[in-house]
Every structure is written in C-alpha cells, then in structure tokens.
Number of protein chains: 4
Amino acid sequence: MQPAVSLQRNKSAGRPRSTESEAAVIIATAELLKEMPLRDLTIEEIARRAGVGKQTIYKWWKSKSAVALDAFCKAMLTEVEVPDTGSFLEDMVKQLRSVTRFYKSAAGSAFCQFLAEAQSDGEFKRTFLNVFLKPRRDAVRVIWERAIQRNEIAADTDPEIAMDNLYGPLIFRLMSGHGSLSESVTRQIARNAFLGIATEKAHAAYRKRTSER
Amino acid sequence: MQPAVSLQRNKSAGRPRSTESEAAVIIATAELLKEMPLRDLTIEEIARRAGVGKQTIYKWWKSKSAVALDAFCKAMLTEVEVPDTGSFLEDMVKQLRSVTRFYKSAAGSAFCQFLAEAQSDGEFKRTFLNVFLKPRRDAVRVIWERAIQRNEIAADTDPEIAMDNLYGPLIFRLMSGHGSLSESVTRQIARNAFLGIATEKAHAAYRKRTSER
Amino acid sequence: MQPAVSLQRNKSAGRPRSTESEAAVIIATAELLKEMPLRDLTIEEIARRAGVGKQTIYKWWKSKSAVALDAFCKAMLTEVEVPDTGSFLEDMVKQLRSVTRFYKSAAGSAFCQFLAEAQSDGEFKRTFLNVFLKPRRDAVRVIWERAIQRNEIAADTDPEIAMDNLYGPLIFRLMSGHGSLSESVTRQIARNAFLGIATEKAHAAYRKRTSER
Amino acid sequence: MQPAVSLQRNKSAGRPRSTESEAAVIIATAELLKEMPLRDLTIEEIARRAGVGKQTIYKWWKSKSAVALDAFCKAMLTEVEVPDTGSFLEDMVKQLRSVTRFYKSAAGSAFCQFLAEAQSDGEFKRTFLNVFLKPRRDAVRVIWERAIQRNEIAADTDPEIAMDNLYGPLIFRLMSGHGSLSESVTRQIARNAFLGIATEKAHAAYRKRTSER
DNA sequence: CTATAACCGAGACGGTACGTCAGGTCTTCGC
DNA sequence: GCGAAGACCTGACGTACCGTCTCGGTTATAG
C-alpha cells in the first residue's frame, strides 16, 4: 500500500510525497468510518474532509478499502497482546474475550466490514489477509504452540484449524448476529475449542477441576 | 418479501401483480449473480435483463439484496438434507461437507455475499437471519438433539454454540480464504467440534475406535 | 372534447358515464390550475384529487390541456359582454380593459397558458382556437361592424386585422411582461388602434375633441 | 448564462471549462430544436447527442430552456437589421416582414416556444426578456425615434406602445394561428400601426399618396 | 540559479446508477 | 360496459460518485 520508501533511493527528482496529505487522508478516513459503514464511504468525501485532491488519493491507494485498511492499521499500533497465564484454556478465554471486545468496539467494528469488502474484491482480499489477518494469527499461534509443549494438546494438532475453532464462531456471530457474545458464551466457545483438541490428560484434569466446584 | 397472497382475499381492486414479471426478475437476478458479485449488481441491470420496469422492482423489493435473497431462496427449494447415520460425528462430517460443497458452488457462493451485505444494512441483516439462516439452523439442530438423546454429548450442551463450533470455522475460511476446506480439513473441524462437547463415554469410544486403526 | 351527451341516445348498454366523475375532474382541475401553471399539471394529480381513475380521464379527454380548457370554459359561463356606448373608441377601451382585467385575474391567467400549450400541441391549438378564441372574436367583432355602419372606420377595413391591432399588444405584454397594462396604456393602445383605421371624418372629430380639453 | 470570462482573470483553480463541450451542447440543442418543440426537448437527449455528461449541462445552465435560449442567441449572431428607407411606414413594413420571415423560419420558430416557456417559468421569463427581447426592441426603437425627428409621428408618442402596435398582432397570429401573415396582412398591420400615431401632416401625405394610385 | 520533474489542490469532464415521478396502457373487480 | 383501483413498462428527472483529465502552483533534486 504505502511505498516502503525507506529503502528506496530517495534521489528521484521532483517534489516528494506530502506527509501532511497522507496523514490527513488517514485521519479523515478513520473519522468517516466511525460515522458510516465502509460501503458508504466515498473517495470524494474523504478528499473533501481531508482537504486533499482526489487524484492524490488515487495515486497512493488502489481503492477506498485500501485507504480504510491503512487507516485501520495505523490506528492499531497497539501490539497484539498475547496472554500467557500458564493455562491453555485461560489463555484462549482471555484472548477470545480481548478480541471480541475489540471487534465490538467502534474502531474494531471495521474488521467485519473488511471481510465483507473482501467478498467482492479479490485483490483487497489478498491484501487484507497479508497485511492484517496473517500477522495477527502468526502472533497468537504461540498460544497453541505453548500448549503443545506443555502437552495440553496433541503434538499433531493443526494450529490453523484449532485457531478457527476458537475464532470462527466469534466471527460468525459478529457478522450474522444470530447469537450473543457474552462472557459466558465466549467461555463456552473457548472451552469447546479446548476440549476438542485437548490430550487425554488435559481432558481428565479439566474434568477433575470442574467437578470439584 | 412478497406478501403471502395465496390465503389472502384477492378482492383488492386493480390489476393484480404480474407473476411473469416477478419470475423474470428472480431469474435475471439469479443469472446476474453468477456473473458478478452482489455488490456490483444494479437494479437497473436487473430490470434491463428481466425486461421489467425499475419501478416494478422498487415496488416489491426493498433493495437489490432483497431481490437477490429472494432469488437465492427460490433456487434452493431443495430441502435441507439432514443426515442421520446413527453416529453424531458422521452426521456432522456429512452435514459440514454438504454445506461446504454448496457454499463453494456457483449458486451457494452468494451466501458470503449476503453476510457481507448484512454488514452495512441492518434491515437486510435481520431479514437474512430470519428468512435464511434461522430456518436452516433450526432444521439441522436436530443432529445435536439426537446426539443428546443418544448420550453422545452432555444434556446441557448449548446447541447454538455447538453449531457455531462446526459452521464458524467453515464460514471464516470461506470469507477470508486463509485456509483450505479440503475433505481432511472439514473432518478435523467436525472432529474438534465433536470432541469439544462429547461425553466422557463418547470420548472414550472415539479414542478406542481411532486407536484400532 | 366535451361529450355532447344530451342529443345522444342513452341506450347504449352498460353503465352510463358518471356525471359525478366528470364534475369531479373539472373541479379538481380548476383548483389545481390555481395552484400551479398548466405545464406542471399532471393527469395523475387530477385523478388523485378527483378520486377518479386515470383511465376515466384518458377516455373522455385527449390531454391534460383539454381537461383544463374544459374546466376553463365551464368556469366562464358568463357571456362575453360586448359594450355598446355609441362611440367606437369608447367601446374598444371598455372591451380592452375588461379583457385585460380578466386575463390578469386568477382564473383568466390560464389564457396565456393555453396559448403556450398550443405552441407544442397542434391538435390542442386547433381546439383552443375553435372552442375558445374564435367564438369570442366572433362575439366582439360586432363592435367593428357597428363602427363601419356608423362610418367611423372605412367600410373595407378588415375586422380581423383591426381586432389584432387591439388585442395583439395586450397579449404580447401579458405573455412577455415587457410593459405594464395600466389604464393609461390600454387607452393608448385602443386609441392607436382606433386612429389606425378611423375615417378622415372620425379622425378630425377625435382631434377636435381632444384639442378642446 | 455563461460567465463573461474573457476579461476575467483566469486564476480559478481546477480544470477550465471545456469550450468543446459547450459548443457541442449548443449545436446539439440547435439541431434538436429543429426536430421537436422546446417542450419535448430533454436534457438527457441533448447530453446524448452532444456526447456530454448530463452534469456538465446542469452545471452551466439552469434549465433546458436556458440552453435553448443560448443556442438560439448564438445562432443569431447576425445583427438585427434595422431598415432606414427614409419613410417611416416603409421602415415598419420592411422590419415587420423581416421579423415575420424569421419567426416563421425553422430557426425562428423557437421564439414562440420561449414565450410559451416563460408562462410557467418566471426566472426564464426574466432572462428571456433581458437577454433577447429588450435588446432587440432597443435596437429597432430607432425607427420610431427617427420618425419623431422627421415629424412623421407626434413627439410625445410612446415608442413602447407603438412598437407593440406593430409586433403585437404578429406575435398573436404566430401563436394562435387565427389569421395568416401574408405580405398583404403585414402591410395592413404596419399601415394601421402607422396611421395610429402619424401626425396630421403625415396622415394627409399618406392619404394623398394612396389616392393617387 | 536555473531547469526539470514530481507532487499537490482544485475542479471540470464523460459516464453510470441512483431512487422518484409521471406518462400512457393494461387488467381486474364491483356496480 | 363503465368506472375505481392500481400494476405494468417506459423514460426523463436531478443527484452523487466514479475514475480521468487539465490547470496553476509548489517543492524538491540535478545541472
């Protein structure tokens, strides 16, 4: 999206890209996304709000979705927080709840919009995957890897599928609204995802722990 | 969408609704949806293709999404086939694979588009839920209920969450494309969903069965 | 245009024409013409206001202009009043002022609208001419004929042209608004029209009369 | 209509107005006006024919009538020809016939349409008056002023009314079609208009001249 | 200290689709 | 069969954005 200028020869003649304009576009887009769904966003309105020529936007971004994704990422400098409680289940619960909280927030609600946009824009789908989704999944995968090392789940567990067992239900509920996402629900989702891949030993430990209550 | 006129008194004065026009709209829409994503569909093009006035469409449907949903449902008169193999896991595998096959087909690919559309149109979201999603979920819920009766899963299992454990990963993968949906993957998803809620007895049986192989 | 029903055999099968409907259409049209120019009138709105089906209007009138003309004529049952003061000039002044007063009134302002409509509807132009304009001109022509008999104007005067000398300026001013139509102006128009065709004798009499003042 | 930019500093930012588009619109409109009455003209058809976006038309003109008037004026760059034969009556006859010929021509027939349009569009009425009618009347008024100087008509003659005596009958006949506009008719109209305001001396001279024949 | 080059804002351009309105035709029911 | 009701296709309305295209001006590096 943005040119990785740093490594580039900066010697090219001519006026360099205006950082003010870029920032103004990003900020205007972020604001607009709080007022309307991505679908209703228009390049024209972004340009108007940012006090920028339309051409400037077309020059640096491929589509309004690209601008929006850029704005979304910029607003999310906060690193992904990966919990490490020592308990796989608790890590999952914490993570799921944290993600849920974010996706339900004003800023995070854009996530579903991006997934929606991806349905009719293959190019954006790939970008979204590479720029946002994959990195985040890579970051949280450690939870499952630690669980394997702790022998809580089988060594041959496919973390990708295991992750979808956790996040899939969340995203489905977010997008269709067919069920709530209360604390209780997220715990059940996490628990099911956990028991679905837990080793026999971890299973037994879980049963023992819950029966004691 | 359309009023269920059949039982209604047909006494209303004036020319009755043209069934030809309605059918033409539905057919044209279905065709167009095979050529382009829902997002790129236009009322104008539907009208053109169907040989129908725009007004006629605006009169009977609220939005292009509504027309598309109608066309989608009409094309799917085939009842939801709910497997009953006697084994909960096999039922799930069969169901998941059947749904996956459909959603990956030309006709079924519209499903994700509807979910996408719902992200920026609350009214349609509700309609989609009530007209399509809820009925389908109601139909397949019997798989889980049978499993409870057979004591394969705990009596206090929440079928809604259990269903999301099965379908959530599928939909997430369909929409984001971050992972494949091969036969092997669907089996793993189903297995994890199964083990996540299986009773201790069912768990043991599953372990025994797999270790024998 | 208007059905000359009275002489018609009424024996035709089926429901006879509804006089209520006809009246309602005429009344609604008259009302609407007070609220908007003829150009902005719509058959749809007339039907709505009259509580009548569109078809009923299309059946009995050729166009909205025809309805409007009908309404206009019905509202003008008052016979054309032709002054007879004994003096040709005074007759003309009186007539011109009376016509001016009417055409400037709410009801009479429709006249210019009809003339306007006629510019793009040849059929209506003929109707308007025959139904409204010609009869009125025939009625007032007597003023000129009397003047000929009184030897105020030459026997070979063409009354048609003479009438246009009187009414042409009025209508031009009404339609273009390039000049007022005060009492003084109408008198000058009439005077010029008079002197333009007056016999030498009448001319001398007029000069004598005015110089005495 | 269009801003008289020529003397204006051209500092306004942005792409300048396209003269090609403007010309294309004017030409297309002029063509269309030869094929249909102003009333049946549509902005859409003008845009289509001119190969121009609708918005471009809406941006620079207030209504289709404004476009048409512009086209009409552009087509009439030919200066108003004001005759100067030395004889007031002959000047009037010549002028009237020249105007009549034009208004009856394909191009000139639009005049009545403008007058018609003015009946339902006050804004256009004012524009038409200022842009077309007033300037033309100003140009020909000199005929009457010369006549005053030559003592053919009274010094206190109101030229405005005198002009209406000449042009009013023409326009009335043009618009209503209740009488022809032959050479003979135009001469009579002019003669009546002349005698209506001629001085006693001019009157006598006219009588003498005609009796000689 | 120019010259060249790329950038920028502004905004006009040819288009496409929007959702609305009315036109004129048709089809039904009830009187 | 007439009249109301109202659905139908058609096509123009005026608006909003699309993505492209000039403009005048600005800000860099290269010579």
Side-chain angles (χ1 to χ4, degrees), chain A residues 9-18 20-22 24 40-48 50-60 63-64, chain B residues 9-18 20-22 40-48 50-60 63-64, chain C residues 12-18 20-22 24 40-48 50-60 63-64, chain D residues 9-18 20-22 24 40-48 50-60 63-64:
Chain A
R9 298 197 345 120
N10 222 6
K11 304 228 281 185
S12 70
R15 183 177 176 173
R17 179 173 183 181
S18 157
E20 286 90 352
S21 288
E22 187 184 351
D40 297 347
L41 204 61
T42 66
I43 299 266
E44 208 123 293
E45 182 58 24
I46 296 174
R48 200 149 33 211
V52 142
K54 273 201 289 179
Q55 201 70 285
T56 304
I57 299 179
Y58 282 113
K59 178 156 187 71
W60 301 108
S63 63
K64 69 175 178 185
Chain B
R9 299 198 337 124
N10 220 9
K11 300 226 289 183
S12 70
R15 182 176 177 173
R17 180 172 183 182
S18 157
E20 287 88 353
S21 289
E22 187 183 351
D40 297 347
L41 204 64
T42 66
I43 298 266
E44 208 125 292
E45 182 58 25
I46 295 174
R48 201 148 33 211
V52 142
K54 271 200 291 179
Q55 203 70 286
T56 303
I57 300 180
Y58 281 113
K59 179 158 188 64
W60 299 108
S63 62
K64 66 175 180 186
Chain C
S12 67
R15 183 176 175 177
R17 178 171 184 186
S18 156
E20 287 88 352
S21 289
E22 186 183 352
D40 296 348
L41 204 63
T42 66
I43 297 265
E44 208 122 294
E45 182 57 26
I46 295 174
R48 200 148 33 209
V52 142
K54 273 201 289 178
Q55 200 68 286
T56 305
I57 300 179
Y58 282 114
K59 180 157 186 64
W60 300 107
S63 63
K64 67 176 179 186
Chain D
R9 302 204 330 127
N10 218 9
K11 296 228 294 182
S12 71
R15 182 176 176 174
R17 180 172 182 183
S18 158
E20 286 90 353
S21 289
E22 187 184 351
D40 295 348
L41 204 63
T42 66
I43 297 267
E44 207 126 291
E45 183 58 25
I46 296 174
R48 201 147 35 209
V52 141
K54 270 201 290 179
Q55 203 70 285
T56 303
I57 300 179
Y58 282 114
K59 178 157 189 65
W60 300 108
S63 63
K64 67 176 178 185

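Reckoned from all heavy atoms, side chains included, excluding hydrogens, waters and symmetry mates. Please read these numbers as outputs of a predicted model, since none were measured by experiment. Residue numbers start from 1 in every chain, and the chains themselves are labelled A, B, ... in the order their sequence lines are given, proteins ahead of strands.
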Set out, line by line, the N/O atom pairs under 3.5 Å between protein and nucleotides 7-9 of chain E.
unit_1, atom_1, unit_2, atom_2, d
dC7(E), OP2, K59(A), NZ, 2.8
dC7(E), O4', R15(A), O, 3.3
dC7(E), O2, R15(A), NH1, 3.3
dC8(E), OP1, S18(A), N, 3.0
dC8(E), OP2, W60(A), NE1, 3.0
dC8(E), O3', S21(A), OG, 3.4
dG9(E), OP1, S21(A), OG, 3.0
dG9(E), OP2, G53(A), N, 3.0
dG9(E), OP2, T56(A), OG1, 2.8

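In this structure E44(D) satisfies the side-chain hydrogen bond (donor to acceptor under 3.5 Å, both in side chains) test together with K54(D), sequence neighbours excluded. Not a single side-chain hydrogen bond (donor to acceptor under 3.5 Å, both in side chains) links K64(C) to another residue, sequence neighbours left out. For the salt bridge (charged side-chain N to carboxylate O under 4.0 Å, His left out) test, no residue two or more places apart in sequence or in another chain qualifies with R15(D). Every side-chain hydrogen bond (donor to acceptor under 3.5 Å, both in side chains) that S21(A) has, sequence neighbours left out, goes to S18(A).
The shortest distance between the side-chain N/O atoms of R48(D) and the OP1/OP2 oxygens of dG15(E) is not below 4.0 Å.
Computed from coordinates, the E20(A) CD to dT26(F) C1' distance equals 12 Å when rounded to whole Å. We find that CD1 of I57(D) is positioned 11 Å from C1' of dG14(E), with the value rounded to whole Å. When the P atom of dT10(F) is taken as reference, atom CD of E45(D) falls 18 Å away, rounded to whole Å. Summarising the geometry, the separation between CG on D40(C) and P on dA12(F) is reported as 19 Å, rounded to the nearest angstrom. Rounded to an integer number of Å, the gap from OH of Y58(D) to P of dC13(E) is 15 Å. Counting to the nearest Å, the P atom of dA16(F) and the NZ atom of K64(A) are 17 Å from each other. Atom CD of E44(D) and atom C1' of dT10(F) are 12 Å apart (whole Å). Rounded to an integer number of Å, the gap from CD1 of I43(A) to P of dA16(F) is 18 Å.
To the nearest 0.5 Å, the span separating CH2 on W60(D) from CZ on R17(D) amounts to 5.0 Å. Summarising the geometry, atom CD belonging to E45(A) is positioned 11.5 Å from atom CG belonging to D40(A); distances are rounded to the nearest 0.5 Å.
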